[in-house]
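Residue numbering restarts at 1 for every chain, and letters A, B, ... go by the order of the sequence lines. Values below: all heavy atoms of this structure, side chains included; hydrogens, waters and symmetry mates excluded.
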Amino acid sequence: MKPRVRFAPSPTGYLHIGGARTALFNWLYARRHGGTFILRIEDTDQERSTPESVQAILTGLQWLGIDWDEGPGKEAPYPPYFQMKKLPRYAEIAEQLISEGKAYRDYTTEEETAKLRADFAASKGLKDGDDLRKAGFKYSSPWRDKPEKLDRPHVVRFKMKPTGARIGFEDLVHGRTEKPDEDLDDFVLLRSDGIPLYNFSCVVDDHDMHITHVGRGQEHINSTYSQIALYQALGWTPPVFTHFPLIMAVNKETGNEEKMSKRKHPEADVMVHQKNGILPHALLNFVARIGWSHGNDELFTREQLVEYFDLKDVGRTNGVWNPEKLIAVNQHWIKNGKPEELAAMTVPFLASLGVTVTNDARLQLGVKAFSTRAKTLVEMAANLKPYYVHGATMDPSAVTKFLDAAGKDMVRRARAKLEAIAEWKAPALDPIIDQIAAETGAKKGAIAQPIRVACTGGAFSPGIGDTLELLGREETFFRIDAALA
RNA sequence: GGCCCCAUCGUCUAGUGGUCAGGACGUUGGCCUUUCAAGCCGAUAACGCGGGUUCGAAUCCCGCUGGGGUCACCA
């Protein structure tokens, strides 16, 4: 049977790095096995869900190249893919559970619940900031065994019936995972406004959508037990679960490692990496390696990722976000990328620097020349900009060091030779250094550096041939003459 | 605090009873060189602790310690 997997984000903000990796692992698994990747929007949190967030998530996935077979824009064959659009379905299942005595209506108001907590706190002599959970507070509804149907607001709770046995599941990476079913409580299925809660809608949807494998972060292990209880009550076969290790980040305030969060870690936002000039594939490659491995391999093309990925190779230990390594991976893919693709991605970065360019041969020469000199597209654009403006900005210390009398003499010699160059291409331009070296006996550095400074204003640039070709004949002479003047 | 998950270099990881414990990032020494990069060669650094099982444990079991997660009318 072909696997059917899903990514089910809640649209309460931008696409998170952890979410992106969850999506990636599921997507890879589907692609690897010829299965189906489903995108489902869990928008039942009315407080925090926004249409903008839905769009942000779609945009993020698209930027990463993670496409879905079913979901927003492709609402078949098990619609809808937005949970708020299938409220009647959840109500139907809830009703069924109530009629079977597996769930009950709880008319306790939020005020009453608050009072219960307050009374408990008082009886334990707790202070204001104390955590009731640590003191052992456990909610027990007075309505659990009262089947009356009142015309009053109520939540629907699942009726846990502990047997003293252990409840659990076979996790693909953790193996048998279980706990005593007495530890489970009567969790809420439907809020008083009829909107379902995660543990409920998730189970209903995974069942309705024929999901075969659920892969999600380890923070969901504890909710999985409750979901298993639901599957049992409903008589449904649960999917195969896989819980991925978490992506951690260092909390700069405390110095501790903790689950990467939107609030404390700006890099948790997938799109800030786009802004920072990270290639989408580099981010994918890097993120895939947190919690997953394929022997000693580090660098993967998209095709290799699909070819090699398997859930059984997912690890168990949490991984810490390592920005230096992301940069290294990014640098690798810039270095090994196709010039036309890199150029296309660089255009907007140049635009934001006020440089309007098209993806032409010249730009491609430029990104190629700087591909070993830029770690990000931001650096790439910054490196390229000076070649697209008229005249060079001179670095005083470089001028002092290389454009002295001897240096200028070298530049004059170069200028003379340049005059004779018919085809303004790097292979034709580069040899002038050797020629001048042969004529003067000077070291190449003493020749190339003055030329470099005259043409770029600074002491760093690609090889002289590439540099001059990039500049163009006219601009080269303009800058040389300006430097010699 | 209850429960759950986890434990190899600073970080990401390979390892599945017998390896000099390997790779990558980082740091670092050198080579190359037309600057800066890149590239190449080398160095650096780990099996948390204590018990078992075994001829033999990073690998299996138990305990401890440590880290993380989770305990909502959030997901």
May I ask which nucleotide in the shown strands pairs with B/U44, Watson-Crick or G-U wobble, both distances under 3.5 Å? B/G26
To the nearest Å, give me how far apart NE2 (A/H332) and P (B/G26) are. 13 Å
One character per nucleotide, please: for nucleotides 38-44 of chain B, 5' to 3', B when the base has a protein heavy atom closer than 4.0 Å, S when only the sugar-phosphate does, - otherwise. SS-----
Winner on side-chain proximity to A/L197, out of B/C74, B/C4, B/C6, is B/C74
Just to be sure I understand the rule, does A/Y225 reach a base, reach only the sugar-phosphate, or reach nothing, if contact means heavy atoms closer than 4.0 Å? sugar-phosphate
Indicate, with yes or no, if the rings of A/F25 and A/W292 have centres closer together than 6.0 Å. no
Closer than 4.0 angstrom, basic N to acidic O: yes or no for A/R144 and A/D186? yes
Is the distance between the ring centroids of A/F169 and A/H243 less than 6.0 Å? yes
Residues passing the ring pair (Phe, Tyr, Trp, His ring centres under 6.0 Å) test with A/Y81, sequence neighbours excluded, are none
Quick note, A/F460 side chain, CB onward, closest among B/G1, B/A75, B/C36 is B/C36
Roughly how many Å is it from CD1 in A/I195 to P in B/C74, rounded to a whole number? 9 Å
Within 45° cone of A/F82 ring axis and under 6.0 Å: A/K85 NZ or CZ: yes
Check: A/H273 ring centre within less than 6.0 Å of A/W321 ring centre: yes
With A/A56 via side-chain contact (heavy atoms from CB on, under 4.5 Å) - residues at least two apart: none
Counting only Watson-Crick or G-U wobble pairs whose two distances fall under 3.5 Å, which nucleotide matches B/G1? B/C71
Cationic N near anionic O, under 4.0 Å, A/R6 to A/D205: no
Are OP1 or OP2 of B/U35 and a side-chain N or O of A/K444 less than 4.0 angstrom apart? no
Nearest-Å distance once atom C1' is located in both B/A58 and B/G42: 27 Å
Which base sits across from B/C49 as a Watson-Crick or G-U pair, both distances under 3.5 Å? B/G63
For A/K338, look at atom NZ and say whether over 12 heavy atoms of other residues, nucleotides or ligands are found less than 6.0 Å away. no
Residue-level proximity of residues 7-20 of chain A to RNA chain B when a heavy atom falls under 4.0 Å: A/S10
Look at the side chain of A/S192 against the base of B/C73 and say whether a donor-acceptor pair falls under 3.5 Å; ignore hydrogens and angles. yes
Using only side-chain N and O atoms of A/R166, determine if any of them is under 4.0 Å from OP1 or OP2 of B/C4. yes
What is the per-nucleotide protein-contact pattern of nucleotides 10-15 of chain B, from the 5' end, where B denotes a base atom under 4.0 Å from a protein heavy atom, S denotes such proximity for sugar-phosphate atoms only, and - denotes neither? -BBSS-
Distances under 3.5 Å between nitrogen or oxygen atoms of protein and nucleotides 58-61 of chain B:
none

Would you please confirm or rule out a distance under 4.0 Å between OP1 or OP2 of B/A75 and any side-chain N or O of A/R216? no
So, do A/W333 and A/F300 have ring centers that fall under 6.0 Å from each other? no
